[in-house]
Novice: 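Let me give you the structure first, and then I'll get to my questions.
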Amino acid sequence: MLTAMTLESWRTSPRLTTFSTFFEQAARGLAGAPDLAPPLPDMSLLDFDLDCLVFWDTHRHLWGFFDSHYFASIPYRLEEELRLGAALYSSAILTWAREGRPATFYSLGAGTGCLARTLAKLGAGRIKTLCCSPTEGNRISFNAKRGSADATFFHGPFFDLTRERYADDETLSPFRNGFDFLFEDTTFQMYGPDRESQLAFILPRIRQGGLLVQVQKLGLKDTKAYGDRERQKDALFKARFFSESEINRKKEDVVDPMLRMQVDLDATASALSCFFRFSVITWNSGNFYTIISGNSRRSITDFVVSTLAPAIPSAFCYAPLPQVVLGDQAFAEAVARAWRPPRSSLASM
């Protein structure tokens, strides 16, 4: 049950107050855009995978202003978007084929909802998607390049999508029975550190056998190591796209203030364990991680099977992959069998 105190803390969080001007300007193309070069994927890291290439061909035509800012800000996050997108599409189509209904996907945050719109467009009626954002500029970008009538946008923060809202709003009718895939993209860290309350709010929206996919920026107890990774991100990646003044501006406006709302892996695992039996890290870039969670061993292992190897240079990866966060030995062995090692690992064998 969401308490009034928790709800008030989310409504007065930095995402809706002190951060709001920055995100609105970035979403409207008035600030935050790469001022040196636009981000483009290194398809060689994806081994020129055909599914990823097809996904990219649709994805790139649906970008809004915020997407170029986002993908130029996190090392190799664009390659991870294509890797995840291709796997989500494959898994969603399999759900449609098995159950004879459109698969449902919810992108909680994620700016313009480009991933959700790409899935809807490629799905051609077989995938229904929803995304949300409290930023008006993201709503404008969504409507300008909606891509498909199967893509829906909710203008507001994630916690305004209550059970009553789903029941009363006809535009949300395809999602009243929940989601097969719920994607939380660097959103919780904008509203506060209480992951258990945040997960408790969204958990009822995940269908039986469904998956929670998260891209999160995690804290580290070793503050020096955390800082070293941040400096690597800025100097070796962001500097390719942003001037030093632009990097420093965002650091002061958003990155540094957000530190107090991040949690480390132990706190993340503790919160996830309240709701899920299985959880595994499938990607790491500096202080950013992709975490897949669910209560169906089959669902997670099937998803891992459908996912290409992580497209991340070894210098930016600090976690052993895959890294089981929750699960028994049998689950760990199943994930290990399903895992695709990076091409460089295969080449060295």
Novice: On the ring face of Tyr70, is Arg77 found with NZ or CZ under 6.0 Å from the centre and within 45° of the axis?
Specialist: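 Cation-pi check for Arg77 and Tyr70: fails.
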
Novice: Do the side chain of Ser133 and the main chain of Thr135 share a donor and acceptor less than 3.5 angstrom apart?
Specialist: yes

Novice: Does the side chain of Leu308 come within less than 4.5 Å of Cys52's, by heavy atoms?
Specialist: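 Cys52 vs Leu308: side chains touch.
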
Novice: Same cluster for Val305 and Phe331 if Ile/Leu/Val/Met/Phe/Trp/Tyr side chains link at under 4.5 Å?
Specialist: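 In one cluster: no.
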
Novice: Any Lys/Arg nitrogen of Asp302 or Arg98 sitting under 4.0 Å from an Asp/Glu carboxylate oxygen of the other?
Specialist: yes

Novice: Going by an N to O cut-off under 4.0 Å, is there a salt bridge joining Lys251 and Glu244?
Specialist: no

Novice: Phe175: what forms a ring-ring contact (aromatic ring centres under 6.0 Å, His included) with it, not counting sequence neighbours?
Specialist: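 Phe175: ring-ring contact (aromatic ring centres under 6.0 Å, His included) contacts with Phe179.
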
Novice: Roughly how far, to the nearest 0.5 Å, is the OG atom of Ser270 from the CG atom of Leu326?
Specialist: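 Between atom CG of Leu326 and atom OG of Ser270 there are 9.5 Å.
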
Novice: Would Asp67 and Lys145 pass as an ion pair if we require N to O under 4.0 Å?
Specialist: no

Novice: In this structure, would Tyr318 and Leu259 fall into the same cluster of hydrophobic residues linked by side-chain contacts under 4.5 Å?
Specialist: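 No: no chain of side-chain contacts under 4.5 Å links Tyr318 to Leu259.
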
Novice: Do the side chains of Leu272 and Leu199 get nearer than 4.5 Å, heavy atoms only?
Specialist: yes

Novice: Taking 4.0 angstrom as the limit, do Asp168 and Arg163 come out as a salt bridge?
Specialist: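 Salt bridge: no.
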
Novice: Can you list the other members of the hydrophobic cluster that holds Phe142, where links are side-chain heavy atoms under 4.5 angstrom apart?
Specialist: Phe153

Novice: To the nearest 0.5 angstrom, please state how far the CZ atom of Arg117 sits from the OG atom of Ser141.
Specialist: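 If I round to the nearest 0.5 Å, the distance is 7.5 Å.
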
Novice: Could you check whether Lys221 pairs with Asp266 (Lys NZ or Arg NE/NH1/NH2 to Asp/Glu carboxylate O, under 4.0 Å)?
Specialist: yes

Novice: If you take the centroid of each ring, where Trp contributes its six-membered ring, are Phe288 and Trp283 closer together than 6.0 Å?
Specialist: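 Ring centroids of Trp283 and Phe288 are no less than 6.0 Å from each other.
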
Novice: Is the shortest side-chain heavy-atom distance between Leu220 and Asp264 below 4.5 Å?
Specialist: no

Novice: Taking the side chain as every heavy atom from C-beta outward, state whether Gln189 and Arg195 have any atom pair closer than 4.5 Å.
Specialist: yes

Novice: With hydrophobic residues grouped by side-chain heavy-atom distances under 4.5 Å, do Leu40 and Phe65 end up in a single group?
Specialist: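 Cluster IDs for Leu40 and Phe65 differ.
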
Novice: Would you say the rings of Phe71 and His59 are close, in the sense that their centroids are separated by under 6.0 Å?
Specialist: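 Yes: the rings meet the under 6.0 Å criterion.
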
Novice: Between Glu170 and Arg176, does any NZ, NE, NH1 or NH2 come within less than 4.0 Å of an OD or OE carboxylate oxygen?
Specialist: yes

Novice: Below 4.5 Å, heavy atoms only, C-beta onward: do Phe105 and Ser91 meet side chain to side chain?
Specialist: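 Side-chain contact under 4.5 Å: no.
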
Novice: Using a 6.0 Å distance limit plus a 45 degree cone around the ring axis, check whether Arg205 lies over the aromatic ring of Tyr166.
Specialist: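 Here Arg205 passes the 6.0 Å and 45° test against Tyr166.
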
Novice: Is the distance between the ring centroids of Phe241 and Phe237 less than 6.0 Å?
Specialist: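 Yes; Phe237 has its ring centre under 6.0 Å from that of Phe241.
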
Novice: So do the side chains of Ile291 and Thr268 get within less than 4.5 Å of each other, counting heavy atoms only?
Specialist: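 When only atoms from C-beta onward are counted, Thr268 and Ile291 do touch, with a gap below 4.5 Å.
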
Novice: Identify the residue among Phe201, Phe158, Trp10 that makes a ring-ring contact (aromatic ring centres under 6.0 Å, His included) with Tyr191.
Specialist: Phe158

Novice: To the closest 0.5 Å, what do you measure between CZ (Phe242) and CG (Leu36)?
Specialist: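 The CZ atom of Phe242 sits 9.0 Å away from the CG atom of Leu36.
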
Novice: Quick one: CD on Glu196 to OG on Ser273, what's the gap to the nearest 0.5 Å?
Specialist: 8.0 Å

Novice: Look up atom CD in Glu81 and atom OG1 in Thr290, then write down how far apart they are to the nearest 0.5 Å.
Specialist: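 Atom-to-atom, Glu81:CD and Thr290:OG1 are 10.0 Å apart.
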
Novice: How close do Leu161 and Arg165 get, heavy atom to heavy atom, and via which atoms?
Specialist: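 So the two residues come closest at CD2-CG, 4.2 Å.
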
Novice: Quick check: are there more than 12 heavy atoms from other residues, nucleotides or ligands sitting under 6.0 Å from CD of Glu164?
Specialist: yes

Novice: How far apart are the closest heavy atoms of Ile300 and Ser279, and which atoms are they?
Specialist: CD1-N, 4.4 Å

Novice: Contact between Asn287 and Leu218 at the side-chain level, heavy atoms closer than 4.5 Å - yes or no?
Specialist: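 No, side chains not in contact.
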
Novice: Just do the ring-ring contact (aromatic ring centres under 6.0 Å, His included) check on Tyr76 and Phe316 with the steps written out, would you?
Specialist: CA-CA 9 Å; Tyr76 303 96; Phe316 284 84; 5.4 Å; yes

Novice: So which heavy atom on Ala120 is nearest to which on Thr129, and how close?
Specialist: CB-OG1, 3.6 Å

Novice: Give the cluster check for Ile247 versus Val255: same hydrophobic cluster or not, with ILVMFWY residues linked at side-chain heavy-atom distances below 4.5 Å.
Specialist: no

Novice: Charged N to carboxylate O under 4.0 angstrom, Lys250 versus Glu246?
Specialist: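 Here Lys250 does not pair with Glu246 in a salt bridge, since their nearest N and O are not under 4.0 Å apart.
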
Novice: So, taking the atom named CZ in Phe159 and the one named CG in Leu108, what distance separates them when rounded to the nearest 0.5 Å?
Specialist: 10.5 Å

Novice: Under the salt bridge (Lys or Arg N to Asp or Glu O under 4.0 Å) rule, what do Arg11 and Glu8 come out as? Steps first, then yes or no, please.
Specialist: CA-CA 5 Å; Arg11 290 206 182 280; Glu8 181 61 20; 5.8 Å; no

Novice: Nearest heavy-atom pair of Thr307 and Arg340: which atoms, and what distance?
Specialist: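 So the two residues come closest at O-NE, 3.5 Å.
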
Novice: Verify the neighbour count for atom NZ of Lys233: are there more than 12 heavy atoms of other residues, nucleotides or ligands below 6.0 Å?
Specialist: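 Yes - once you tally the heavy atoms of other residues, nucleotides and ligands closer than 6.0 Å, there are more than 12.
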
Novice: I need the minimum non-hydrogen distance between Val263 and Pro193, along with the two atoms involved.
Specialist: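 Taking every non-hydrogen atom into account, CG1-O, 3.4 Å.
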
Novice: Identify, with sequence neighbours excluded, every residue that meets ring-ring contact (aromatic ring centres under 6.0 Å, His included) alongside Tyr289.
Specialist: none

Novice: Are side-chain heavy atoms of Pro14 and Met261 found at a separation under 4.5 Å?
Specialist: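 Pro14 reaches Met261 side chain to side chain.
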
Novice: Heavy atoms only: give me the nearest Lys224-Arg231 pair and the separation to one decimal.
Specialist: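 Between these two residues, the closest heavy atoms are O-NH2, 4.1 Å.
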
Novice: Is it the case that the side chains of Thr112 and Asn138 hold a donor-acceptor pair, with the cut-off being a distance below 3.5 Å and no angle test?
Specialist: no

